[in-house]
Protein chains: 2
Amino acid sequence: MIAQKYCTRSLFKWLSDDIVFISGLIKERNRLQAKEDERVMAVTIKDVAKKANVAPSTVSRVISDNPRISDATKKRVRKAMEELGYHPNVNARNLAIRSTQAIGVIMPSSAETSLQNPFFPEVLRGIGSMALETGYSLYVSTGGDDTQSFEEVKRMVYGNRVDGIILLYSRRNDPIMNFLVKEKFPFVLVGKPYKRESQITYVDNDNIQASKKVTEHLIELGHRRIAYLGGTTDLVVTTDRLDGYKQALLAAEIPINEKFIIHDEFLRSSGRKAVEKLFSFSEPPTAILVADDMMSLGVINMLEELGIECPEDVSITSFNNLYLSEITRPSLTTVDINIYSLGIQSAKSLIERLKSKDEPVKRVIVPFEIKYRNSTRALTE
Amino acid sequence: MIAQKYCTRSLFKWLSDDIVFISGLIKERNRLQAKEDERVMAVTIKDVAKKANVAPSTVSRVISDNPRISDATKKRVRKAMEELGYHPNVNARNLAIRSTQAIGVIMPSSAETSLQNPFFPEVLRGIGSMALETGYSLYVSTGGDDTQSFEEVKRMVYGNRVDGIILLYSRRNDPIMNFLVKEKFPFVLVGKPYKRESQITYVDNDNIQASKKVTEHLIELGHRRIAYLGGTTDLVVTTDRLDGYKQALLAAEIPINEKFIIHDEFLRSSGRKAVEKLFSFSEPPTAILVADDMMSLGVINMLEELGIECPEDVSITSFNNLYLSEITRPSLTTVDINIYSLGIQSAKSLIERLKSKDEPVKRVIVPFEIKYRNSTRALTE
DNA sequence: GTTATTTGGTAAATCGGTTGCACAAAAAGG
DNA sequence: CCTTTTTGTGCAACCGATTTACCAAATAAC
């Protein structure tokens, strides 16, 4: 029926209909536009100025509480602002003062996988809380692949989107970090720089020491066949923890077995693969030093599948003390690296740097603490 | 030895040392300042214009790939941009076009606790991936208390920091949502609005149905004393899930025992408290419907402490299917609400809305799926 | 009672873009 | 060959703040 109705219409009718329709649309849009404009066309500094009978510049000075303005005028202007519901436009402000009050947070490329690791939310939480306190906003890069990540950083830097950047990872020859250094863009690193250590402000744990201590613990428990399971080798944190591990072995005069050193991504799945490999050896390790709690999770899962008991057959120590390290069965002996504090400190350092250009380069070492739980036991065999 | 060295120095020596140090610092600062300015004084559209022998407006048109510019000119201008390493200043651009290419993400106040729940990182991941694809940036609110949260939203809205907002929670009479509605600011809600449902674009699961289904599952397993453990009552998700639970009980003609309905925050600790209470009854529940995986975690922990076996003594079903619901012992039977997809869809809806003002109000229902695992079992006693 | 200083405030330039309008030159039409 | 139209650019006015330089009135100094 409807079809028929349309079919009987002349072309002319169609056209005129269209015209009506279009004009209707335009009208509707204008109406919306008007309402929208009402919102968008917010009150400006000029409106306030007019209302308070002063110049815009005076209003600006009132905003920044400039002492050159008399209290009487200030009061008057503030009242006008209040009445008009004035809020300064950040874009205009940023343009004029060439600053945003925002800091960028860069996750390792592919937030896809990284946001999976509670490390990042936790450090974000620390950064966020500091940002909140100091009135900064947070811009987070959302990863993608390396190229996209880089593009995002460029957008942040070149586009003046942020005043400074926090890099949530440190790896060797990271193009993003090199870029930031080259551009002399203020940034701080969470983790230890691969090189140019003295020129980069960074916040880190003493991972070498932590790893050494925890390895020593295993050694004290009588373990000698200790495996190391770390993230990709280009991450500095991985190599640092490996170093600590080696130092402890050396000090205890235990030969280093390269087969016992495995690298993969900080994912749950990597842990699983590694376990399969380690226990295919005729003399498998009696203890594993895992460089990340998420990975340990995979390890534990896989051990269970393989029918290997932890800690009876193999001891595990881990890193990060994510909340999940308490809830695994067995709960994990892990190094609490104080992630939240890493976030706080990095934000703090960055903001200090932003506030005064000649803030010196800093290194902040956040203390760690080993949490002894149930995934390790003394070797008695 | 070192101490002595310092002590033997005269005051004068100290002072002069300091002076040298300071002047050195200043010199260093000037050098940095110069370089810094070099960076900040980035190439502008005018520089490009000059170099390409065109007007700034032309350059601007080249950037937006305006068809009115000839290809020849475009090529020339692009070359100039390339050579000068030109990148447009976002602030200026935003000021002119009255838009940022950014969307704000609001967590429930106190990200403190919310970032603890992997739900948020996961939904953030979805949003981020969509944002990346469409060239939007992400602004995340970092919580604090209610007031601070509100302030941040105001800053985003009034300050023109973002084009639109995604609210990651829905609760009744949320001042922030009311504010956004009042201001006619584009936003989408993750969750179901408490009221004005037809006027708000939102993305949600059918929580009532999901809850009903999972309750029915428990009933089918023979359970009749089923407890419900949900978040604070002002969260719509809590009440929806409670509704589904009640509907299922009613349909099965099981009387509703108000003592078996407990509300608290979506925290691990809340789960623990609730368990204590539930098992202080003379007739404790044989099954618990928990509205959040994190909470379930607390429940499981507490059960273990109390020596109550799951699923032997009590069955548990949960919501969200966080990765941790697989690794708990027992693994959790839980409703997979497809968090990532919630993120994707909410970002998509918002961006559509931003691209065309008269995009209609939408409701997107993300499907759920029950994951049957080991925390439930048939009641045989 | 002049002149020198403060004090309080304004006008206008600037930040780095976008965009409506005017206006030549080139192409099309008559 | 002279209009008319199209095509390609430039001019100038914004966007909404900050900030420099300058000025008038009030106060202080001589």
Side-chain angles (χ1 to χ4, degrees), chain A residues 33 36-78 80-81 84-102 155 157-161 163, chain B residues 37 39-78 80-81 84-101 155 157-161 163:
Chain A
Q33 193 80 39
E36 194 63 26
D37 282 0
E38 219 175 289
R39 211 201 58 69
V40 167
M41 284 297 180
V43 312
T44 77
I45 207 170
K46 282 176 196 158
D47 302 325
V48 177
K50 208 167 291 170
K51 176 139 191 163
N53 259 315
V54 292
S57 49
T58 303
V59 178
S60 172
R61 293 209 166 83
V62 172
I63 294 171
S64 56
D65 205 24
N66 189 309
R68 288 184 56 176
I69 305 297
S70 69
D71 286 351
T73 319
K74 275 186 187 169
K75 205 153 290 175
R76 194 150 40 91
V77 171
R78 292 218 173 95
M81 298 196 327
L84 268 54
Y86 169 75
H87 284 265
N89 178 312
V90 212
N91 286 320
R93 173 159 212 278
N94 290 346
L95 178 58
I97 67 176
R98 286 181 231 48
S99 140
T100 64
Q101 286 272 98
R155 257 181 23 198
V157 172
Y158 287 136
N160 272 262
R161 278 173 192 275
D163 290 347
Chain B
D37 285 357
R39 208 201 63 68
V40 166
M41 285 298 177
V43 318
T44 77
I45 207 170
K46 283 177 196 155
D47 303 325
V48 177
K50 208 168 289 170
K51 175 139 192 164
N53 258 317
V54 292
S57 50
T58 304
V59 178
S60 172
R61 294 204 169 92
V62 171
I63 293 171
S64 57
D65 204 24
N66 189 312
R68 292 184 54 174
I69 305 295
S70 69
D71 286 351
T73 316
K74 275 185 186 168
K75 207 153 288 174
R76 192 150 41 90
V77 172
R78 293 219 173 94
M81 297 193 331
L84 267 56
Y86 169 75
H87 284 265
N89 178 313
V90 212
N91 285 322
R93 171 157 214 279
N94 290 345
L95 178 58
I97 67 176
R98 284 179 230 56
S99 143
T100 64
Q101 286 274 97
R155 256 181 24 198
V157 172
Y158 288 136
N160 274 259
R161 280 173 191 272
D163 290 347

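- Within 4.0 Å of B/N53, counting heavy atoms only, lie sugar-phosphate atoms of the nucleic acid but no base atom.
- Qualifying side-chain hydrogen bond (donor to acceptor under 3.5 Å, both in side chains) partners for B/D65, counting only residues two or more places apart in sequence or in other chains: B/K74, B/R78.
- A heavy-atom distance below 4.5 Å is not found between the side chains of A/V54 and A/I69.
- Rounded to an integer number of Å, the gap from CG of A/N89 to P of D/dT18 is 10 Å.
- Going from atom CZ of B/R61 over to atom P of C/dA22 covers 14 Å, rounded to whole Å.
- Distances shown here put every side-chain N or O of B/Y158 at or beyond 4.0 Å from the OP1 or OP2 atom of D/dG16.
- At the heavy-atom level, B/V54 lies under 4.0 Å from the strands shown only through sugar-phosphate atoms.
- As a whole-Å value, the separation of B/R93 CZ from D/dA17 P is 20 Å.
- Going from atom CD of B/Q101 over to atom C1' of C/dG17 covers 15 Å, rounded to whole Å.
- Within 4.0 Å of A/S57, counting heavy atoms only, lies at least one base atom of the nucleic acid.
- In this structure the side chain of B/V157 never reaches within 4.5 angstrom of the side chain of A/H87, judged on heavy atoms.
- Separating the CG atom of A/L84 from the P atom of D/dA17 is a distance of 12 Å, rounded to the nearest angstrom.
- A/S99 and A/D163 share a side-chain donor-acceptor pair at under 3.5 Å.
- No N or O donor and acceptor, one from the side chain of B/R76 and one from the base of D/dT9, sit under 3.5 Å apart.
- Between A/T44 and D/dG16 there is no side-chain polar atom (N or O) within less than 4.0 angstrom of OP1 or OP2.
- At a threshold of 4.0 angstrom between heavy atoms, the contacts of B/I97 are confined to the sugar-phosphate backbone, with no base atom among them.
- The side chain of A/T58 has C/dT10 as its nearest neighbour among C/dT10, D/dG16, C/dT19.
- When rounded to the nearest whole Å, the span between CG of B/D47 and P of C/dC15 equals 11 Å.
- Heavy-atom distances to DNA chain D give each of B/A96 and A/P56 a nearest nucleotide, and the one nearer the 5′ end belongs to B/A96.
- D/dA17 atom P lies 9 Å from atom CG of B/N160, rounded to whole Å.
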Between the protein and nucleotides 4-8 of chain D, list every N/O to N/O distance that falls short of 3.5 Å.
unit_1	atom_1	unit_2	atom_2	d
D/dG8	O6	B/R68	NH2	3.3

Would B/N160 and B/N94 count as a side chain to side chain contact (heavy atoms under 4.5 Å, CB included) here? Give the steps. CA-CA 9 Å; B/N160 274 259; B/N94 290 345; over 6 Å; no
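- Annotation: the span from B/N89 atom CG to A/L95 atom CG amounts to 6.0 Å, rounded to 0.5 Å.
- The shortest non-hydrogen separation linking A/T44 to A/Y86 is C-CE1, 3.6 Å.
- Residue B/R98 contributes atom CZ, which lies 12 Å from atom C1' of C/dG17 at whole-angstrom precision.
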